[in-house]
Amino acid sequence: MDTSLHIYNTLKRKKEVFEPINPPFVGIYVCGPTVYSDVHLGNSRTFISFDIIYRYLLHLGYKVRYVRNITDAGHLEGDRDEGDDKFAKKAKLEQLEPMEIVQKYTLGFHDVMGIFNTLSPSIEPTATGHISEQIEMIKEIISNGYAYENNGTVYFDVEKYSKDYQYGQLTNRKLEDLLEGTRELGGQDEKKGRLDFALWISAKPETIMKWPSPWGWGFPGWHIECSAMGKKYLGETFDIHGGGMDLQATHHTNEIAQSQACSNTAPVKYWMHTNMLTVNGARMSKSAGNGFLPHELFTGNHPLLERGYSPMVVRFFMAQSHYRSTLDFSNEALQAAEKGFQKLIKAGETLNKLGDSSESTVNIKELKNNCYKAMNDDFNTPILIAHLFEAVRIINSANDGKEKLNEQDLKDLKDLYKTFVFDVLGLKEDQAQGSEETGLTGDLIDLILNLRLDAKKNKDFATSDKIRDELTKKGVTIKDTKDGFEWEI
RNA sequence: GGUCGCGUGGCCGAGUGGCUAGGCAGCGGUCUGCAAAACCGUCUACGGCGGUUCGAAUCCGCCCGUGACCUCCA
């Protein structure tokens, strides 16, 4: 059986065996957020997906350099390559400095990533911190003849480039088709070709964020930052480049073009794209106005939500679908995920209390192999989770005395949980709302439940049920066991 | 209009040319004073019409529906 890791490569439109360029090192670049507004849940999905990919690569023993940029300049609205970028516009709106906008939403982004238990990237470079690298790259592209300057703005010459390379290879599009689908030029445009995009944009007198360049004061185009920073930290050709599927046709296509035009090498060996989060079948996006913010989800403070869901439930919910599939968002689906997540975590707690047996009625080795098989097949987390629920069944059955686990089984199961549930899927126990209770409250609940136990022994069920009902109303869940009770808030 | 996808049981969501993922919900049972939890069993689907095949939900064709991208968006 082939046990090597397979990755679906957008460039080839098929799964390929993953062979790093310089093993054991792996370079991975993921397009990070544009920090001019709060990240919504759809954005989060991409970063959670790549967090699991990063974690699995680490688990396999690769020395991974994970680069995820922060776009803090140069991102224009619309297709007009003029005027202020998103940060300056937002700054005017909120009456702040552009860099205050950047700071505010960068911190917010990191906060959300922390809440979702994602690992920090190895390097998190910013566009504004790499202006000179971008300028150098643009100069190189111009001298290679694939870009031209007009009134202080530099455009990438797509038609020229297409004579030597395949421009639309990532999305399998032909130049003629692309040209057909593009709208007419506005008239006062300075571009030669309608597909040409800006590498450097000349500043207007009122532009706030601008830098000096060989072409005068200006700011970089959006696509060049990722090419420049990927090259700087991971080399001219690196292993994996990831991002959302919406970036495929434009951003990543242009990244490839820039790198080819600059260095005459393909920048990336494996392109990976995560699919969109949808709401009622339509893509969640900023512009559509159907975005959920993470904190709205946690608190339930949103018109479409009946109540809140914890960050780990959301993470589990996302891991239950494959990263290349769309995932639809609904109360019902979240509730199902919540139940499943709790079952998984509770079984993990039960596992720690199990005693071993001299015999074994289960096959943990096979289970473990199945888990690896699932992850090796293009990070198939839903299949992994299906296998983990087999572990749940085994644990709970053993707890009921219906399966027998020997010492090795217990060790292997604990190891399985640590590896896949916690290290790879990146799940952790939710902070129960009541976990910060003082010991006194817990003692009091124990006291009350001990009184209830006495009532039960005396067959005074009216009293025992009353106590249970009242405590349930207060949010304390009671489970009777053979000779006692368990409770949680 | 062009490119690329998708259509799976009540819901979410994998996968596969024959061996009926998984979670949630439902139903029946075991356990329990009753619950809860847990376990066992049950329900067993692949848009429509053709074709290839011993055999297709899985491959091919057509049709219908739906989505993404082609314009900023993870």
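Lettering follows sequence order; numbering is per chain, from 1.
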Query raised in the report: Is the cationic atom of A:Arg68 (NZ for Lys, CZ for Arg) positioned less than 6.0 Å from the six-membered ring centroid of A:Phe47 and within 45 degrees of its normal?
Result: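 Ring-cation test returns yes.
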In whole angstrom, give the distance that lies between atom [atom1] of [X] and atom [atom2] of [N].
X: A:Phe485; N: B:A35; atom1: CZ; atom2: P; answer: 21 Å
X: A:Lys373; N: B:G22; atom1: NZ; atom2: P; answer: 15 Å
X: A:Lys15; N: B:A14; atom1: NZ; atom2: P; answer: 12 Å
X: A:Phe329; N: B:A74; atom1: CZ; atom2: P; answer: 17 Å
X: A:Glu390; N: B:A21; atom1: CD; atom2: C1'; answer: 11 Å
X: A:Glu306; N: B:A25; atom1: CD; atom2: C1'; answer: 14 Å
X: A:Tyr8; N: B:G15; atom1: OH; atom2: C1'; answer: 16 Å
X: A:Gln320; N: B:C24; atom1: CD; atom2: C1'; answer: 9 Å

**Report entry** Watson-Crick or G-U wobble mate for B:U42, both contacts under 3.5 Å
**Finding:** B:G26
**Report entry** B:A68 - base-pair partner by Watson-Crick or wobble geometry, distances under 3.5 Å
**Finding:** B:U3
For nucleotides [N] and [M], find the distance between their [atom1] atoms and express it as a whole number of Å.
N: B:G13; M: B:U44; atom1: C1'; result: 15 Å
N: B:U16; M: B:C59; atom1: C1'; result: 12 Å
N: B:A45; M: B:U8; atom1: P; result: 14 Å

If you check every side-chain atom of [X], which of [options] has the closest atom?
X: A:Ser321; options: B:G13, B:G2, B:G33; value: B:G13
X: A:Pro382; options: B:C11, B:A14, B:G33; value: B:A14
X: A:Phe389; options: B:G23, B:G13, B:A74; value: B:G23
X: A:Ser464; options: B:C40, B:G33, B:A38; value: B:G33
X: A:Lys86; options: B:C34, B:C72, B:C40; value: B:C72
X: A:His322; options: B:C39, B:A21, B:A14; value: B:A14
X: A:Thr274; options: B:C12, B:A74, B:A14; value: B:A74
X: A:Thr250; options: B:C72, B:A14, B:C24; value: B:C72
X: A:Asp465; options: B:C34, B:C39, B:C40; value: B:C34
X: A:Ser397; options: B:C12, B:G13, B:C40; value: B:C40

Query raised in the report: What does A:Glu332 touch in the nucleic acid at a heavy-atom separation under 4.0 angstrom: a base, only the sugar-phosphate, or nothing?
Result: sugar-phosphate
Report task. Look at all strands and tell whether A:His40 reaches a base, only sugar-phosphate, or nothing, counting heavy atoms closer than 4.0 Å. Result ->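 Base contact - A:His40 has a heavy atom under 4.0 Å of at least one base atom.
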Report task. Please tell me which of A:His223 and A:Asp400 maps to the more 5' nucleotide of RNA chain B, matching each residue to the nucleotide holding its nearest heavy atom. Result ->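 Result of the comparison: A:Asp400.
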Query raised in the report: Closer to the 5' end of RNA chain B via nearest nucleotide, is it A:Ile478 or A:Asn380?
Result: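 Final value for this comparison: A:Asn380.
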Which of parallel (below 30°), tilted (30 to 60°) and perpendicular (above 60°) describes [X] and [Y]?
X: A:Phe341; Y: A:Phe316; result: tilted
X: A:His241; Y: A:His252; result: perpendicular
X: A:Tyr36; Y: A:Phe87; result: perpendicular

Query raised in the report: Any side-chain N or O of A:Asn396 less than 4.0 Å from the OP1 or OP2 oxygen of B:A38?
Result: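 For B:A38, neither OP1 nor OP2 has a side-chain N or O of A:Asn396 closer than 4.0 Å.
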**Report entry** Residue pair A:Thr46 / A:Gly243: nearest heavy atoms and the distance that separates them
**Finding:**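 Shortest heavy-atom contact: CG2-C, 4.3 Å.
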Requested in this report: Identify the two heavy atoms, one from A:Tyr105 and one from A:Glu94, that lie closest to each other, and give their separation to 0.1 Å.
Outcome: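 So the two residues come closest at OH-OE2, 2.9 Å.
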